[in-house]
Enquirer: 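I have a structure I would like to understand better, so I am pasting it below and will then ask my questions one at a time.
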Amino acid sequence: MTFLEILPLLMFGTLALFIFTGYPVAFVLGGVGLGFALFGDLIGEFRYMQFFSLPLRIYGGTMENMVLVAIPMFIFMGTMLEKSRVAEDLLYTLQILTRRLPGGLALSVTIMGTILAATTGIIGASVVLMTLMALPVMIQRGYSIPLATGTIAASGTLGILIPPSIMLVIMADLLSISVGDLFVGAVIPGFMLSGFYLLYILGIGLVRPAAAPPLPADVGPDSHGELAILVIRSFIPPVLLIVFVLGSIFGGFATPTEAAGVGAVGATLLALANGRLTYRTLREVCVRSAVTGGMLFGIFIGATCFSFVFKSLHGDRTIIDLVQSIGLGPWGVLIALMALVFVLGFFFDWIEITLIVLPVFAPIVALLDFGAHIPVRTDVLYWFAILLAVNLQTSFLTPPFGFALFYMKGVAPPEVRIQDIYRGIVPFVLLQLIGLGLVMAFPELTLWLPRVLLN
């Protein structure tokens, strides 16, 4: 390979080096891109005038993109449910409904994580919320600490797969595919993973009752009437909100952006109905939504700069030529990409992996021919996006930089050791890999529902 062919690969190496320094990712992406653009200008591979195309790309590709408008509104919806304690009431109700089952507390946490996943893709908020509310109770009731921590961490990460997921919005934008189709395609894999967690917990409760004991029968309301009131007040409203948001998307009545607006207003009305919509709550929700949204859009701008310079230095062509020269074939390339993403998940966050891997490898994946396994070539990108989303579940749980583990350790009781958390996540990572293998072997798990609902 010539030096000009190696130059794009050096961009990746430099990017990884600077990300490990802990400097903000948005500045690292943009800085590495600008640095290599200046170097490319010195050696005659990048013209100075190309810099003037960059603001137009940032404005037209990111700032003016109506699909990305859904992100801050989905963040607002989830944050409002958390800050107004609607989520806290929901978890208590689920604990009461599952109190007679083996592992009832852990089952309620998993169901809660699934419901939170359908309201927000903010993994940190979900994990911290459930750790604060559920972990002390689970430890007090005699639960195995590894099982308790693993359940909370794994359930909290479902938010990046189950729609309306912020990550799926970003993926659809990067791949230039329909957000609605991607949302529908993620439903079965997302709930399949949730079902795996429930079955695993139920099995532990049956085989090792001491590790996941049921709640005493006297916990909760004394009569069926009080239980019915609790369910009507705390369980049905947030579930109906999710049904309206996702139903409007799946039914074709609203775009994801419009549905996000409905969700934000609905979460605010729920807080108002519960008497918890104070000025302080509204201010905290708006500030967190603005800060989180600003961070994400800053990363988009940096990633736009990086990918623009990378392609200007013929990086996409270098990667395609490199893959073709190896001669792995379609399945070899796909498995190699999945293995690469899994390894990157040990060190990087999902947003970094998504913004680095997708723009580079999406053109390669679009050219892959899987024959009768996926007869329609246009379905390959949807299938690949869901495979990537399932794979990225593990990035939150795998040490040394599993962010869900750090979120949990930061608010967990002092008797919870990081070693307990590491032990607890192992079975759930294995379940995620089983789910990845099933989606890879049976693409209809992703493609059937969009075909039926959206034709």
Side-chain angles (χ1 to χ4, degrees), residues 77-120 122 124-145 147-156 158-159 162 194 197-198 201-202 205 212-243 266-278 281 284-285 407-408 411-413 416:
M77 178 174 70
T79 308
M80 179 60 77
L81 292 177
E82 174 202 345
K83 293 292 185 182
S84 62
R85 295 169 57 196
V86 172
E88 184 178 334
D89 294 342
L90 177 60
L91 179 59
Y92 175 73
T93 304
L94 290 171
Q95 290 174 350
I96 299 304
L97 293 175
T98 59
R99 60 186 168 178
R100 304 286 177 87
L101 297 173
L105 273 176
L107 293 174
S108 68
V109 167
T110 304
I111 298 171
M112 177 68 179
T114 306
I115 295 174
L116 280 180
T119 61
T120 176
I122 311 173
S126 299
V127 173
V128 169
L129 179 67
M130 291 195 294
T131 301
L132 289 172
M133 291 191 301
L135 187 56
V137 178
M138 295 174 82
I139 294 174
Q140 180 184 354
R141 297 292 181 183
Y143 268 69
S144 160
I145 292 180
L147 175 63
T149 55
T151 300
I152 292 172
S155 303
L158 289 170
I162 294 178
S194 176
Y197 301 162
L198 291 171
I201 293 164
L202 194 58
L215 284 172
D218 59 350
V219 174
D222 296 326
S223 65
H224 292 294
E226 291 179 355
L227 179 60
I229 293 173
L230 183 66
V231 171
I232 292 172
R233 188 188 68 193
S234 302
F235 180 75
I236 292 179
V239 171
L240 283 179
L241 175 63
I242 294 167
V243 170
T268 306
L269 292 177
L270 277 182
L272 181 64
N274 288 336
R276 294 168 180 165
L277 185 61
T278 63
T281 299
E284 289 178 353
V285 170
Y407 295 143
M408 175 178 291
V411 294
V416 176

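All of these numbers come straight from a predicted model, not from anything done at the bench.
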Enquirer: Rounded to the nearest 0.5 Å, how far apart are CE of M112 and CD1 of I152?
Expert: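 Answer for the CE-CD1 pair, M112 versus I152, is 11.5 Å.
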Enquirer: Is L277 close to M80 at the side-chain level, that is, under 4.5 Å between some pair of heavy atoms?
Expert: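 M80 reaches L277 side chain to side chain.
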Enquirer: Could you state the interatomic distance from CD1 (I145) to CD1 (I139), rounded to the nearest 0.5 Å?
Expert: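 Output value for this atom pair is 4.5 Å.
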Enquirer: For I111 and L198, run side-chain contact (heavy atoms from CB on, under 4.5 Å): C-alpha distance rounded to whole Å, both residues' side-chain angles, the deciding distance at 0.1 Å, then the answer.
Expert: CA-CA 8 Å; I111 298 171; L198 291 171; 4.1 Å; yes
Enquirer: Using a 3.5 Å distance criterion without hydrogens, assess whether the side chain of Y92 forms a donor-acceptor pair with backbone atoms of S234.
Expert: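 A pair under 3.5 Å: no.
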Enquirer: Testing the basics here: between A212 and L147, what is the closest heavy-atom pair and its distance to 0.1 Å?
Expert: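 Closest pair (atom of A212, atom of L147, distance): CB-CD2, 3.8 Å.
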Enquirer: Indicate yes or no: at least one non-hydrogen side-chain atom of Y197 is less than 4.5 angstrom from one of L158.
Expert: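 They are in contact (side-chain heavy atoms under 4.5 Å apart), so the answer is yes.
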Enquirer: Distance-only, no hydrogens or angles: does the T278 side chain make a donor-acceptor pair with backbone N or O of T281 under 3.5 Å?
Expert: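 Between the backbone of T281 and the side chain of T278 there is a qualifying donor-acceptor contact (under 3.5 Å).
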Enquirer: Which value, rounded to the nearest 0.5 Å, describes the distance between I236 atom CD1 and L90 atom CG?
Expert: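 Output value for this atom pair is 11.5 Å.
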Enquirer: Side chains of S155 and T114: does their closest heavy-atom pair fall under 4.5 Å?
Expert: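 SC-SC contact between S155 and T114 ruled out.
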Enquirer: Can you give me the closest heavy-atom contact between L241 and G266, atom names plus distance?
Expert: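 So the minimum-distance heavy-atom pair works out to CD1-CA, 3.8 Å.
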Enquirer: Can you check whether M408 reaches V416 side chain to side chain, under 4.5 Å on heavy atoms?
Expert: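 Contact flag for M408/V416 side chains = no.
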Enquirer: Nearest 0.5 Å, what's the OG1-CG distance between T98 and L105?
Expert: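 CG of L105 is found 6.5 Å from OG1 of T98.
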Enquirer: Is I115 close to L94 at the side-chain level, that is, under 4.5 Å between some pair of heavy atoms?
Expert: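 In contact.
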Enquirer: First locate atom CG of L269, then atom CG of N274, and finally report the distance between them rounded to the nearest 0.5 Å.
Expert: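 With rounding to 0.5 Å, CG (L269) is 11.0 Å from CG (N274).
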Enquirer: How long is the straight-line distance from OG1 of T151 back to CD1 of I201, given to the nearest 0.5 Å?
Expert: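 Reported value, rounded in 0.5 Å steps: 4.0 Å.
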Enquirer: For F235 versus V239, what's the shortest heavy-atom pair and its separation?
Expert: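 Taking every non-hydrogen atom into account, O-CG2, 3.2 Å.
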Enquirer: Taking side chain as C-beta onward, heavy atoms only, is L97 less than 4.5 Å from S108?
Expert: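 A side-chain contact under 4.5 Å is absent here.
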Enquirer: Does any non-hydrogen side-chain atom of P413 lie less than 4.5 Å from one of L135?
Expert: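 Side chain of L135 against side chain of P413, heavy atoms only: contact under 4.5 Å found.
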